[in-house]
2 protein chains.
Amino acid sequence: MARVRIVDPEEGPRSKRAAILVAAVERFGEDGYESTKWSEVADRVGIGQTALYHYFESKAHCLLTIMRLELQRSHDMFVEATADQSDPVEELRAAVRSAFAVSEQEIRQMRILQANMSLLANPRKSKREETERVAARQLVQMVERDWTSLLMRGMAKGAFPVRDAHTLGLAVLGMIVSVWRWYRPTGAIPLSEISEMIEECVVRMVAE
Amino acid sequence: MARVRIVDPEEGPRSKRAAILVAAVERFGEDGYESTKWSEVADRVGIGQTALYHYFESKAHCLLTIMRLELQRSHDMFVEATADQSDPVEELRAAVRSAFAVSEQEIRQMRILQANMSLLANPRKSKREETERVAARQLVQMVERDWTSLLMRGMAKGAFPVRDAHTLGLAVLGMIVSVWRWYRPTGAIPLSEISEMIEECVVRMVAE
DNA sequence: AGACAACCTGAGTTCAATTCAGTTTGACTG
DNA sequence: CAGTCAAACTGAATTGAACTCAGGTTGTCT
């Protein structure tokens, strides 16, 4: 499990980078990126606003970093969950379940990722932002490929009817991530129930 | 007073409101809301930037108006498409098809709507923006209810297995609208093909 | 114990959005 | 076929949040 992945061994002992990321995830996740003042994040961490620029080139650079880390985590979890599955339907189920096996912090990260996905479309002016953006874009494609190739393997084995695996993969992925647009931990339906419903939906979509 | 206005009874004959909306949809839809300068929209229409404030209280007010109009259209299209359907499966298919029967301008509007959906979560400071936001939110709920009640009718008739209609509705809707995040008219796959694939997916999800 | 890199700060600067203080335009009236 | 007046517009000034600058402080390591 990559639980402490937000901490980087390359950082100095006094570094507040991790604290900034945690604070930013909380504020961006609850109020949204645009309506969160960058200085609020500084206040939350207990430093002046200009100190933020010691760690991130800009507010957008911080956001892109959060998005990249979350995409990396999603991909890692997918790979880990599907690694030792031989039956295509079980592999599919495991992949869906891995997408919903998340902490409250990770829910916020998914929400931030989904809400700001369109940021990845246009190039960034500054170098470090652009590096993060390109890395995030590649991870998006990697996650898409994760799903596509899972579907193609299942089709090749005859476990799933043959369809356009790419479009079907995007549809499945789209349905799964759309949950983070409306789900709140305080809601009436527990996440486990949503996860089960989506799992069954995906199986019917793909395997029938 | 009693004179009949052919274009729009609310607007004066010299009004550029419609032109501003068209220009804003094009710019927000192609480059994204954040990376589009409000003055670019003014340039496109051929007026000074300050003239925009004669029609919209702010850039966000314009965006919220675009989103509300698109939500209204989506709801209207759903109602129209499903009005005279008696068979639940046919009604379901008609609903999905209506979601993809869109012009290029409407594709941009859907893209804008999906990319900025989270703007509807937090209250706005100004009155006119807040009015648009609340109207848009209510339309979101109306569209969700459109799908939920279609599913519930089908379940009541025994055409669909009984499941949590609300969560299932959100999943279906989420899958459909997720297309606007990646679809581009210049892409390799035609929209008609995507529409057909999604239609079959929805039918398997709901009716099996 | 002192060098020095990491870390931090208050005082500016920037730039897009927005407000202000009026001026122009043209549809409608009389 | 003037005169009126609200709609439509403008250039200049203001705002505010993101960001830069020119240094100051702190903890770690040798």
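Quick caveat: nothing in here was measured; it's all calculated off a predicted structure.
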Heavy atoms under 4.0 Å is the rule here; annotate nucleotides 19-30 of chain D 5' to 3' with B where the base is hit, S where only the sugar-phosphate is, and - elsewhere.
BB-----BSS--

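If you take CD of A/E40 and C1' of D/dA18, they are 13 Å apart, rounded to a whole angstrom. Residue B/K37 contributes atom NZ, which lies 9 Å from atom C1' of C/dC15 at whole-angstrom precision. Distance B/I47 CD1 to D/dA8 C1': 9 Å, rounded to the nearest Å. Between the P atom of C/dA6 and the CG atom of A/L52 lies a distance of 18 Å, rounded to the nearest Å. Atom CG of B/L63 is separated from atom P of C/dA17 by 13 Å (rounded to the nearest Å). Per the geometry, CZ belonging to A/F56 stands 15 Å off C1' belonging to C/dC7, to the nearest Å. We find that NE2 of B/H61 is positioned 12 Å from P of C/dT18, with the value rounded to whole Å.
With sequence neighbours excluded, the residues satisfying salt bridge (charged side-chain N to carboxylate O under 4.0 Å, His left out) with B/E91 are B/R153. B/E26 is linked by a side chain to side chain contact (heavy atoms under 4.5 Å, CB included) to B/R44, B/R108, counting only residues two or more places apart in sequence or in another chain. Considering only residues two or more places apart in sequence or on other chains, B/T36 meets the side-chain hydrogen bond (donor to acceptor under 3.5 Å, both in side chains) condition with none of them. Residues satisfying the side chain to side chain contact (heavy atoms under 4.5 Å, CB included) criterion with A/A135, sequence neighbours excluded, are A/R68. B/R97 pairs by the salt bridge (charged side-chain N to carboxylate O under 4.0 Å, His left out) definition with B/E199, not counting sequence neighbours. Residues forming a side chain to side chain contact (heavy atoms under 4.5 Å, CB included) with B/S74 (at least two apart in sequence, or on another chain): B/E70, B/M110. Listed by chain and number, the residues in a side chain to side chain contact (heavy atoms under 4.5 Å, CB included) with A/L170 are A/E144, A/H166, B/W182 (sequence neighbours excluded).
Of the residues in residues 113-128 of chain B, none has a non-hydrogen atom less than 4.0 angstrom from any atom of DNA chain C.
Taken to the nearest 0.5 Å, the CZ atom of B/F56 stands 5.0 Å off from the OG1 atom of B/T65.
An OP1 or OP2 oxygen of C/dC8 is reached within less than 4.0 angstrom by a side-chain nitrogen or oxygen of A/K16. Distances shown here put every side-chain N or O of B/H54 at or beyond 4.0 Å from the OP1 or OP2 atom of D/dC9.
B/T36 comes within 4.0 angstrom of sugar-phosphate atoms only, judged by non-hydrogen atoms across all strands, and of no base.
Ring geometry for B/W38 versus B/Y53: interplanar angle over 60°, hence perpendicular rather than tilted (30 to 60°).
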